[in-house]
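Just so you know, these numbers use all the heavy atoms, side chains as well, and skip hydrogens, waters and symmetry mates.
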There are 2 protein chains.
Amino acid sequence: MAIRPAEQLIHKAAWLYYAHGLRQDEVASQLNISRASVAMYLRKARETGIVNISTSTQLFTDDVMARKVEDAFGLDAVWIAPENAYLADPSTDIAVLAASVFLELVKKGDRIGVAWGRTVYTIADIMSFADLQDVTVVQLCGNLGAPYSYRPDQCTMEIARRLNAKGLNFYAPLVLSTEELAKSLRAEPVIRDQLAGIAECDLALYSVGAVDADSHLVKCGALSPAEMEGLRSQGAAGVIAGQIIDARGEVLDCSYNRRVISAELASLRAIGKRLMVVQEDTKFEPLLSAIAGGLCTHLVIGAHMAGRLLQYAEAATKKAS
Amino acid sequence: MAIRPAEQLIHKAAWLYYAHGLRQDEVASQLNISRASVAMYLRKARETGIVNISTSTQLFTDDVMARKVEDAFGLDAVWIAPENAYLADPSTDIAVLAASVFLELVKKGDRIGVAWGRTVYTIADIMSFADLQDVTVVQLCGNLGAPYSYRPDQCTMEIARRLNAKGLNFYAPLVLSTEELAKSLRAEPVIRDQLAGIAECDLALYSVGAVDADSHLVKCGALSPAEMEGLRSQGAAGVIAGQIIDARGEVLDCSYNRRVISAELASLRAIGKRLMVVQEDTKFEPLLSAIAGGLCTHLVIGAHMAGRLLQYAEAATKKAS
DNA sequence: GTGCAAATTTGACTTTTGTCGAGAGCCGTG
DNA sequence: CACGGCTCTCGACAAAAGTCAAATTTGCAC
């Protein structure tokens, strides 16, 4: 990337202000520009990730509850957003925490898989900017053409933009009308390569969807409410990257799943750090399934959900003994 | 580390302010404290590394000159502080840059070797705070009892403090009066372990000293000006972690070196990232020696020094062809 | 060269933040 | 239980940073 003169100025201003600790007016006189310009440059510096301001998420993992959840479910790390203790809007709280955790987990040169959903998009939307080098963000599942603001490709691109990373989109629909077509499309070199590349990721970011009429799969028209209900009776327990999973966290054997273009669960499991973020309390069963299926090593949830998880784990232990 | 209630408050304030982007007065009303307290908590958050503000050092490596130096001397990365373009005090500029580079190179769980000198202490002094986990800072050489403000152990401890890391000091003098004593001391388990641990470091931070009467070795009384002059005529070209090196970057064969308790050069070379910082222009020859001896993979210097290095490299190439 | 649109820069104003001394609360000691 | 020393907190003021519309410069097509 060539260094444009404007960028040079932004960098100089940021350097003098943040690294040397000069005041804005001092920076202004150093660079022979007005202080107002300095203020503007500094904003740009923050927005481009030249300057990074990050808050430690330590305290959210240090939580006793977080430790217990880790132990009970064998997870690598758990962060718990203390509900209603902080903000009026609790779901934002989880997203903000998730974004920080995400940025803490990303390393230079990483390959990152990103799925789709309201949760993921919310995270992308509030995530602060960073200047990671050689980071690639890959889309984990096909696109949904629906006029939704948080389409899979948008989630991917927005996160890539925030990280100053390369975004690798998936130019295929999430779900096709026949199994044959899906099979042929998966065999296409472009698609095949993309799918194969998923297992090479270092970090995945996704949420889990519920199997009900509120699901995005229904809202975007991929499935009708009736079909969804049918799948549920067949054992559908959650939605991961556009695919239906059962209670064990395995792909449900159904026509819909065979028509989907998305990351194989085996590929997802091959990713070292699988960060799952769950905002809604209604996603308790889906989350349990995802954990059961080993689809999550790092977890960000709210205090209430954590409570339910622990309660469940305790009950299971008692029954076992 | 148990979480003290005060720390909890600091963390909450920092979280609301930096992660959620609330204003100080909003944070204050959320936490039911005065805005003045919030301001104070935020300062503490910055000072303890709960909040991290870092500026990308990208532009200093992107420099064409930096690339040329990298290529000419086979270094992994070079950062060049543009002299007098930025600040009144050019040496501060180098130290600020070095501190940023250092923080960029440190990773969680790292073991870091730190040597000693005015340069290193300056860096420690202006380095911003961070909250690295499981980081250990080890002292690379014995202590100098002299009443200097930048003793080896102080450099180590200060950096450890800033990083919230564990500091491992070296409880031995840098130089002893007889070779026998030095040898016995090196064989002591405590010392031996410390010396052995140096090769396990992931990152080293040091500068190189000049062989003249201004050297700290002279100022601290480890060597007399006359002795120093004598060493110079024996081929002394620089000082690394209290040891005298020759122009090839090898330990000079002399009594002084045999009386020193410090990291073996072989151990230093075993460290993956060796960050060398040179402020003074007078340290041209010492720097060349250090580079020749493979004691430096990452380099932070000023523009003037960079120019001299390139000039030298060019001349060497011409002579060779 | 000229004219026009877009981007950049600035001064003046408002809002937000930093600081400091005074006062309140706390704790061990005599 | 009164005392001094200590830390923590707050209100009020001063300093610094953010914002916006107007002015200026820049880039570009004609």
Side-chain angles (χ1 to χ4, degrees), chain A residues 1-56 59 85-88 92 96 126 128-129 161-162 164, chain B residues 1-56 59 85-88 92 96 125-129 161-162 164:
Chain A
M1 190 192 335
I3 300 137
R4 286 172 296 114
E7 203 160 321
Q8 187 97 0
L9 250 187
I10 294 177
H11 198 280
K12 279 191 183 181
W15 192 249
L16 290 172
Y17 186 76
Y18 286 107
H20 282 272
L22 301 195
R23 285 196 318 275
Q24 291 192 356
D25 52 355
E26 294 180 296
V27 175
S29 66
Q30 278 281 334
L31 301 178
N32 279 98
I33 50 179
S34 77
R35 202 191 51 73
S37 297
V38 173
M40 192 208 57
Y41 285 143
L42 292 179
R43 182 159 33 77
K44 278 194 180 168
R46 287 187 297 264
E47 282 172 1
T48 32
I50 288 175
V51 186
N52 243 14
I53 303 182
S54 62
T55 317
S56 161
L59 223 70
Y86 276 5
L87 265 190
T92 309
V96 169
I126 50 104
S128 61
F129 295 79
R161 191 175 73 84
R162 302 262 173 158
N164 266 298
Chain B
M1 189 192 337
I3 300 139
R4 288 173 295 111
E7 201 160 321
Q8 185 98 1
L9 251 187
I10 294 176
H11 198 281
K12 279 190 183 183
W15 191 250
L16 290 172
Y17 186 77
Y18 286 108
H20 281 274
L22 301 195
R23 271 183 283 107
Q24 291 191 356
D25 51 357
E26 294 179 298
V27 177
S29 66
Q30 279 280 333
L31 302 177
N32 280 96
I33 50 178
S34 77
R35 203 190 52 71
S37 298
V38 173
M40 191 207 57
Y41 285 143
L42 292 179
R43 181 158 35 73
K44 278 194 181 166
R46 286 186 299 262
E47 281 172 1
T48 36
I50 288 176
V51 180
N52 241 17
I53 301 183
S54 63
T55 318
S56 162
L59 222 71
Y86 277 4
L87 266 189
T92 308
V96 169
D125 202 42
I126 51 106
M127 177 156 27
S128 60
F129 295 79
R161 192 175 72 85
R162 301 260 174 162
N164 266 299

Self-check item: Whole-Å distance separating the CG atom of L22(B) from the P atom of dT17(C)
Solution: 10 Å
Quiz item: Below 3.5 Å, does any donor atom in the side chain of R23(B) face an acceptor in the base of dG18(D), or the other way round?
Solution: no
Practice problem: Between dT19(C), dG11(C), dC8(D), spot the one nearest the side chain of K44(B), thanks. | Solution: dC8(D)
Quiz item: Counting N and O atoms only, with roles assigned by atom type, does the side chain of R162(B) sit under 3.5 Å from a partner on the main chain of M127(B), one being a donor and the other an acceptor?
Solution: yes
Quiz prompt | Option passing side-chain contact (heavy atoms from CB on, under 4.5 Å) with Q30(A) (candidates L16(A), V38(A), D25(A)) | solution = L16(A)
Practice problem: Consider the side chain of S34(B), meaning its heavy atoms from C-beta on, and name the nucleotide among dC10(D), dT10(C), dT19(D) that approaches it most closely. | Solution: dC10(D)
Quiz item: Nearest-Å distance, CG (D25(A)) to P (dG11(C))?
Solution: 13 Å
Quiz prompt | Distance in angstrom units between N32(A) CG and dT9(C) P, rounded | solution = 13 Å
Quiz prompt | Close side-chain approach of W15(B) and V96(A), heavy atoms under 4.5 Å | solution = yes
Exercise. From the options dG18(D), dT19(C), dT17(C), select the nucleotide whose nearest atom is closest to the side chain of Y17(B).
Key: dT17(C)
Practice problem: Check whether any side-chain heavy atom of Y41(B) sits under 4.5 Å from a side-chain heavy atom of I33(B), and report yes or no. | Solution: yes
Exercise. Remember a base hit wins even if backbone is also touched, and classify L42(A) as base, sugar-phosphate or nothing at under 4.0 Å, heavy atoms.
Key: nothing
Quiz prompt | Nearest-angstrom distance from the residue atom CG of L9(B) to P of dC10(D) | solution = 10 Å
Quiz item: Does R43(B) have a side-chain nitrogen or oxygen under 4.0 Å from the phosphate oxygens OP1 or OP2 of dT19(C)?
Solution: yes
Quiz prompt | Length of the OH-C1' vector between Y41(B) and dT7(D), whole Å | solution = 11 Å
Quiz item: Given atom CZ of R35(A) and atom C1' of dA15(D), what is their separation to the nearest angstrom?
Solution: 11 Å
Quiz prompt | Nucleotide dT9(D), atom P - distance to CG of L31(B) in whole Å | solution = 11 Å
Quiz item: Between M40(B) (CE) and dT7(D) (C1'), how many Å, whole number?
Solution: 10 Å
Quiz item: dT9(C) phosphate, OP1 or OP2: any side-chain N/O from S37(A) under 4.0 angstrom?
Solution: no
Quiz item: Is Q24(A) near enough to dG18(D) that one of its side-chain N or O atoms lies under 4.0 angstrom from OP1 or OP2?
Solution: yes
Self-check item: Main-chain N/O of K44(A) paired to T48(A) side chain as donor or acceptor, under 3.5 Å
Solution: yes
